[in-house]
Amino acid sequence: MIAMKSQIEILYHEYHKNRNIQLTLEQFIYIASLFPSLLVCMSDGKLDKEEWDGVLAITDGLAQNYAADNFTVSEEELARMFRIEFRYLLDNLDKWDRKFLNALKAHIDENQSEKEFIYETMYLLANAADGISETEQRAIDDLSKRLSLDH
């Protein structure tokens, strides 16, 4: 019996065709889990330096976590690849917004433990620059509802 691909796997393959990324599915899922935070950061129409610094800190942490498992790519190269993809996504939110959120919703419905991480990361990055604005809070509330995040 052939296993059906999940929505997140389908999105990974589509994204890979567009971007020719060298990231694993697991690493891509982590990027997808951070996608709502990028939307919150951009909800006021601009990415503040402090918000980008938060994204950079996350990429460094991701690279550190995954570099130990991947002997073909250095931690610095992995961090650079994550930064490139986050920058690309920030510049192309309209193209990927619906696809990422739909795939992420299906993924976290099957992986409840990831919901808290997504919720907390939205607040963490939104709070990076002068607290959470009304616009950012609305974005967090809307995304939490759309993704069925329990809070």
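Predicted model, so just to flag it, every value in this text is computed and none were measured. Numbers here are sequence positions counted from 1.
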In Å, rounded to the nearest 0.5 Å, how long is the span from [atom1] of [X] to [atom2] of [Y]?
| X | Y | atom1 | atom2 | result |
| --- | --- | --- | --- | --- |
| Ile58 | Leu125 | CD1 | CG | 4.0 Å |
| Asn127 | Met122 | CG | CE | 13.5 Å |
| Asn111 | Ile29 | CG | CD1 | 7.5 Å |
| Tyr12 | Thr24 | OH | OG1 | 6.0 Å |
| Asp142 | Ser43 | CG | OG | 9.5 Å |
| Leu89 | Leu38 | CG | CG | 6.5 Å |

Donor-acceptor contact below 3.5 Å, side chain [X] vs main chain [Y]:
| X | Y | result |
| --- | --- | --- |
| Lys115 | Ser148 | yes |
| Glu85 | Phe82 | no |
| Glu116 | Ser113 | no |
| His107 | Ile8 | no |

With sequence neighbours left out, what residues match Arg138 under salt bridge (Lys or Arg N to Asp or Glu O under 4.0 Å)?
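Checked Arg138 against salt bridge (Lys or Arg N to Asp or Glu O under 4.0 Å); matches are Glu134.
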pair [X]-[Y]: side-chain heavy atoms closer than 4.5 Å:
| X | Y | value |
| --- | --- | --- |
| Leu62 | Phe86 | yes |
| Leu149 | Ile108 | yes |
| Gln27 | Leu78 | yes |
| Leu34 | Val55 | no |
| Leu104 | Pro36 | yes |

I'd like to know if the side chain of [X] pairs up with that of [Y] as donor and acceptor (distance under 3.5 Å, no hydrogens or angles considered).
| X | Y | result |
| --- | --- | --- |
| Tyr30 | Glu114 | no |
| Ser6 | Glu9 | yes |
| Trp96 | Tyr15 | no |
| Arg87 | Asn92 | no |

Taking salt bridge (charged side-chain N to carboxylate O under 4.0 Å, His left out) as the cut-off, I'd like each qualifying pair that reaches into residues 119-130, sequence neighbours left out, listed once.
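Listed by first then second residue: nothing to list.
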Evaluate the ring planes of Phe100 and Phe35, with Trp represented by its six-membered ring, and classify them as parallel (under 30°), tilted (30 to 60°) or perpendicular (over 60°).
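Parallel: the ring planes of Phe100 and Phe35 meet at under 30°.
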Please say whether the positively charged group of Lys49, taken as NZ for Lys or CZ for Arg, lies over the ring of Trp52, i.e. under 6.0 angstrom from the six-membered ring centre and within 45 degrees of the axis.
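No, cation not above the ring by the 6.0 Å, 45° rule.
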Can you give me the closest heavy-atom contact between Arg146 and Lys105, atom names plus distance?
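Shortest heavy-atom separation between Arg146 and Lys105 comes out as O-CD, 3.3 Å.
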Residues, nucleotides or ligands: over 12 heavy atoms within 6.0 Å of Glu110 CD:
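No, because the 6.0 Å sphere around CD of Glu110 holds 12 heavy atoms or fewer from other groups.
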Reference residue Glu14; test salt bridge (Lys or Arg N to Asp or Glu O under 4.0 Å); the match among Lys99, Lys5, Arg19, Lys95
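Of all the options given, the one that passes is Lys99.
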Report yes or no: do Ile10 and Ile21 belong to one cluster of Ile/Leu/Val/Met/Phe/Trp/Tyr joined by side chain heavy-atom distances under 4.5 Å?
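Looking at the clustering, Ile21 is in a separate group from Ile10.
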